[in-house]
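Below is one structure; the comments refer to it alone.
Below, chains carry the letters A, B, ... as their sequence lines are ordered, and counting in each starts from 1. Note that the structure is a prediction, hence the values are computed from the model and not measured.
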Protein chains: 2
Amino acid sequence: MSSRPSLAQVAALSGVSVKTASRALSGEGYVAVETKARVQNAADELGYRLNRTARELRRGGNTSTLVGLLSGDLANPFYSRLASGLERELRMHGLQLITASTDENPEWERRLTDSLLERRVRGLVVVSTMAEHGHLAAERRHGSPFVFVDRPPVDLTADAVLLDNRGGAKSAAEHPLERGHRRIGIVGDLSRLTTHQDRVEGFAEAMEAAGITGWRDYLLEDAHDVDKAERAVHSLLARDPAPTAVFTTNNRITTGALRALRASGNRDKALIGFDELDLGDVLGVTVVAHDPEEMGRHAARLLLARLEGDDGPARRVILPTRLIERSTTAVH
Amino acid sequence: MSSRPSLAQVAALSGVSVKTASRALSGEGYVAVETKARVQNAADELGYRLNRTARELRRGGNTSTLVGLLSGDLANPFYSRLASGLERELRMHGLQLITASTDENPEWERRLTDSLLERRVRGLVVVSTMAEHGHLAAERRHGSPFVFVDRPPVDLTADAVLLDNRGGAKSAAEHPLERGHRRIGIVGDLSRLTTHQDRVEGFAEAMEAAGITGWRDYLLEDAHDVDKAERAVHSLLARDPAPTAVFTTNNRITTGALRALRASGNRDKALIGFDELDLGDVLGVTVVAHDPEEMGRHAARLLLARLEGDDGPARRVILPTRLIERSTTAVH
DNA sequence: GTGAAAGCGCTAACAC
DNA sequence: GTGTTAGCGCTTTCAC
């Protein structure tokens with residue numbers, strides 16, 4: 001439990017100045033081969049390890065290699081795949097990812113954002129659960145780039161990587177409509193989220209274009225976890241008349257719906273979900289798919305461009321979705 | 001893009017010394033209420049934000065709030081659920097998680113370990129892909145606690161959270177054996193991993209206890225991703241005589257097997273997988289289940305105990321598995 | 001209550 | 001090639 005050796009101790013042991021030791025170990029500047037070897041030996045002997053935070057402090061400004069990610073729970077495959085794509089891309093550029101889960105709690109998000117900024121992260125990627133982001137405006141003036149993912153910034157100009165939620169949801173509604181369904185239920189996540197609102201809008205657009213006006217009777221919101229979703233779908237199926245098809249607006253809700261349908265022995269209800277599922281192909285679930293890892297990579301690229309000095313206007317990347325037709329919407 | 005204000009600038013603006021500004025903002029030590037307010041205003045006006053790395057440098061030693069996690073790819077639900085459980089537990093104790101993916105590459109693991117240690121993380125949680133860990137012995141003398149998860153340390157004494165791989169695999173073999181299966185295939189991950197070896201051992205134990213000697217003919221290894229696993233299962237099913245049941249030793253291999261079984265239209269093969277699947281209940285896959293999030297929480301607790309000064313002998317937590325019987329092993 | 005000086009571990013700048 | 005000095009942003013120590 002001895003305290004960690006510093007460069008000064010390595011220098012003392014090898015009989016050179018601190019600066020020479022620094023040069024020898026960092027490889028920056030000229031050092032005699034023999035001196036270098038002596039310093040290296042001393043470092044090995046002491047178990048010396050560079051203190052990167054001290055280096056970054058001295059080098060000043062933007063030399064940190066840390067990037068923060070704020071998102072919901074990593075146990076949700078959407079977030080973990082996003083994190084995976086982001087981390088890999090950053091790693092290839094020598095950056096490290098520090099992840100913080102907000103659990104969709106704005107208070108946590110605020111605290112964790114502060115914490116990451118105090119740590120002088122090089123940039124921040126955020127799946128925000130907050131209603132507005134004006135408080136971050138001051139940060140941007142100090143040069144910390146933000147990239148918003150999945151949900152756009154409000155009252156703030158910043159880069160964003162978003163999905164075509166509206167278009168995806170529209171196609172999700174059109175698909176059963178084309179197969180003759182008229183009563184299509186829709187189960188959604190937290191109603192305050194723009195992703196949710198956009199998906200409902202896209203759904204509404206298709207329903208209204210098909211001349212269906214009563215669709216709101218079959219709208220259930222705030223089914224934020226699998227259990228709530230399962231109950232919501234059960235209650236939807238208990239309506240009279242019952243819907244003949246259900247659109248679930250994200251992966252957890254789809255999971256809940258699958259459980260509900262299985263439990264109720266309902267094999268003739270059509271189901272279509274937003275987000276691909278891990279075993280969606282094996283299960284045969286029709287989905288509106290997209291690529292969370294690709295979102296992560298895009299976020300990394302936007303961030304890297306900013307770090308390389310790009311100071312152009314905020315960019316907004318909208319990634320497409322694609323409908324994958326499987327057996328849950330097959331016509332019997 | 002102006003550079004970030006320092007405490008000195010806040011002090012200057014509010015007309016006090018740096019130390020008073022420090023006290024006012026950190027709340028440590030006595031400051032007149034009025035002075036405090038003046039400093040706070042100046043800080044707000046400048047958009048001041050504490051530089052936590054500078055604080056930690058000055059405070060010396062072990063004051064960092066960073067914990068590192070080294071694991072395979074976060075896109076694998078096993079790792080992401082592990083990370084989720086770990087992160088939540090750490091967050092409740094004011095610590096932050098920095099994640100690095102090794103992609104099961106020892107060289108990456110080594111580099112990333114160095115990098116995290118240079119960053120002076122408070123501790124390290126690692127799902128190691130390396131064959132031995134003697135090189136970390138020096139680190140432990142400097143007080144950086146390590147917790148090994150899923151795979152034990154080799155040539156190093158350290159805390160570990162492991163699964164009962166042998167017992168779990170044994171029960172996975174006994175289950176189809178009890179149902180009359182004699183030719184049971186087994187498809188495994190990288191053969192160099194101890195988890196894999198232990199699972200094969202447990203499987204072997206049950207098979208040999210049942211008097212079956214030729215089981216190795218149906219052993220396929222190094223199916224490290226879903227595609228490889230799918231091909232492996234296809235080739236297994238093509239054997240003559242074909243196995244009547246398959247044991248897949250982790251979640252991705254089970255996924256591959258489900259695809260292979262579905263593609264080949266083979267509905268009468270029994271399947272049992274190690275690791276629970278996201279929709280395992282809906283799919284009806286018999287599995288040897290365990291709780292990755294719980295592993296993460298345990299790792300956090302071991303680490304926290306060390307940080308609080310526990311210097312007792314290395315602890316080893318072995319978490320149980322439990323067999324969940326579902327339709328893929330139902331008798332027709 | 002407040003402040004001046006020193007220093008955490010490192011590197012930039014400028015010697016020699 | 002190598003050393004000296006200063007300083008990154010903060011807190012500790014000890015004064016007032």
Side-chain angles (χ1 to χ4, degrees), chain A residues 2-40 42-43 46-65 115 117-122 142-143, chain B residues 2-40 42-43 46-65 115 117-122 142-143:
Chain A
S2 61
S3 94
R4 236 166 236 289
S6 71
L7 196 53
Q9 296 175 48
V10 175
L13 183 61
S14 43
V16 297
S17 75
V18 220
K19 183 60 217 186
T20 301
S22 168
R23 280 193 273 252
L25 296 175
S26 71
E28 295 167 8
Y30 296 93
V31 181
V33 228
E34 196 220 319
T35 315
K36 184 165 183 168
R38 227 171 51 240
V39 173
Q40 189 62 60
L46 293 174
Y48 170 78
R49 216 177 262 286
L50 172 75
N51 185 331
R52 185 173 292 272
T53 58
R55 165 186 280 183
E56 284 171 3
L57 179 59
R58 182 59 185 105
R59 289 209 167 149
N62 295 325
T63 51
S64 156
T65 58
S115 177
L117 289 170
E118 286 182 353
R119 201 163 282 293
R120 296 297 186 268
V121 290
R122 202 68 191 289
H142 295 302
Chain B
S2 62
S3 94
R4 237 167 237 290
S6 70
L7 196 52
Q9 296 176 49
V10 175
L13 183 60
S14 44
V16 297
S17 76
V18 209
K19 183 59 220 186
T20 301
S22 168
R23 280 194 272 251
L25 295 175
S26 71
E28 296 166 8
Y30 296 93
V31 181
V33 230
E34 196 220 319
T35 315
K36 185 165 182 168
R38 226 170 52 238
V39 173
Q40 189 63 61
L46 294 174
Y48 171 78
R49 216 177 262 286
L50 172 75
N51 185 329
R52 186 174 293 273
T53 57
R55 165 186 280 183
E56 284 171 3
L57 179 59
R58 184 59 185 96
R59 289 210 168 146
N62 294 325
T63 50
S64 155
T65 59
S115 176
L117 289 169
E118 287 182 353
R119 201 163 283 292
R120 296 296 186 266
V121 289
R122 202 68 191 288
H142 296 302

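Backbone-only engagement by B:T35 is indicated by non-hydrogen atom pairs under 4.0 Å involving sugar-phosphate atoms exclusively.
Each of C:dG3, C:dG9, C:dG1 was ranked by its minimum atom distance to the side chain of B:L57; first place goes to C:dG9. Ranking D:dT2, D:dC10, D:dT4 by closeness to the A:K19 side chain, first place goes to D:dT4. Among D:dC10, D:dT11, D:dT2, the nucleotide with an atom closest to any side-chain atom of A:V31 is D:dT2. Closest approach to the A:L50 side chain among C:dT11, D:dT2, C:dG9 is made by C:dT11 (side chain taken as heavy atoms from C-beta onward).
B:R38 has its CZ atom 12 Å from the C1' atom of C:dT2, to the nearest Å. Taking atom CD of residue A:E118 and atom P of nucleotide D:dG9, one finds them 15 Å apart after rounding to whole Å. The interatomic distance linking A:E56 (CD) with C:dA12 (P) rounds to 13 Å, in whole Å. Rounded to a whole Å, the CZ atom of A:R55 is 21 Å from the P atom of D:dG7. Atom P of nucleotide D:dC10 and atom CZ of B:R49 are separated by 13 Å, given to the nearest angstrom. Distance B:L7 CG to D:dC8 P: 13 Å, rounded to the nearest Å. Nucleotide C:dG9 holds its P atom 9 Å from the CZ atom of B:R120, rounded to whole Å. Rounded to whole angstrom, the span from the CZ atom of A:R4 across to the C1' atom of C:dC8 amounts to 15 Å.
In terms of heavy-atom proximity, B:R23 sits nearest to B:G29 at CD-CA, 4.1 Å. Listed here is the closest heavy atom pair of A:A24 and A:V31: N-CG2, 3.7 Å.
A donor and an acceptor atom sit less than 3.5 Å apart, one in the side chain of A:R23 and one in the base of D:dG3.
Under a 4.0 Å N-O distance rule, the pair B:E28/B:R59 qualifies as a salt bridge.
Using a 4.0 Å cut-off, no side-chain N or O of B:S17 falls inside it from OP1 or OP2 of C:dA4. Using a 4.0 Å cut-off, no side-chain N or O of A:R58 falls inside it from OP1 or OP2 of D:dG7. Regarding contacts with the backbone of C:dG3, a side-chain N or O of B:T20 is found under 4.0 angstrom from either OP1 or OP2. The shortest distance between the side-chain N/O atoms of B:Y48 and the OP1/OP2 oxygens of D:dC10 is below 4.0 Å.
Comparing the end axes of the helix from C:dG1-D:dC16 to C:dC16-D:dG1, each fitted to five base pairs by superposing C1' atoms of four pairs onto the next four, gives an inter-axis angle of 40° (nearest 10 degrees).
In terms of position along DNA chain C, the nucleotide closest to B:A32 lies nearer the 5' end than the nucleotide closest to the other residue of the pair A:A54 and B:A32. Nearest-nucleotide positions on DNA chain C for B:G29 and B:R59 put B:G29 closer to the 5' end.
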Side chain to side chain contact (heavy atoms under 4.5 Å, CB included) between B:L46 and B:Q9: does it pass, once the steps are laid out?
CA-CA 8 Å; B:L46 294 174; B:Q9 296 176 49; 4.2 Å; yes

Test B:E118 against A:R55 for side chain to side chain contact (heavy atoms under 4.5 Å, CB included), laying out the working first.
CA-CA 10 Å; B:E118 287 182 353; A:R55 165 186 280 183; over 6 Å; no

Between B:R120 and A:R4, does the side chain to side chain contact (heavy atoms under 4.5 Å, CB included) criterion hold? Intermediate values first, please.
CA-CA 10 Å; B:R120 296 296 186 266; A:R4 236 166 236 289; 3.2 Å; yes

Begin from the C-alpha positions of A:T65 and B:R119 and carry the test side chain to side chain donor-acceptor pair (under 3.5 Å) through to its verdict.
CA-CA 10 Å; A:T65 58; B:R119 201 163 283 292; 2.4 Å; yes

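Under the rule for a side-chain contact (heavy atoms from CB on, under 4.5 Å), the partners of A:L7 that lie at least two apart in sequence or sit in another chain are A:V18, A:A21, A:S22, A:L25, A:Y48.
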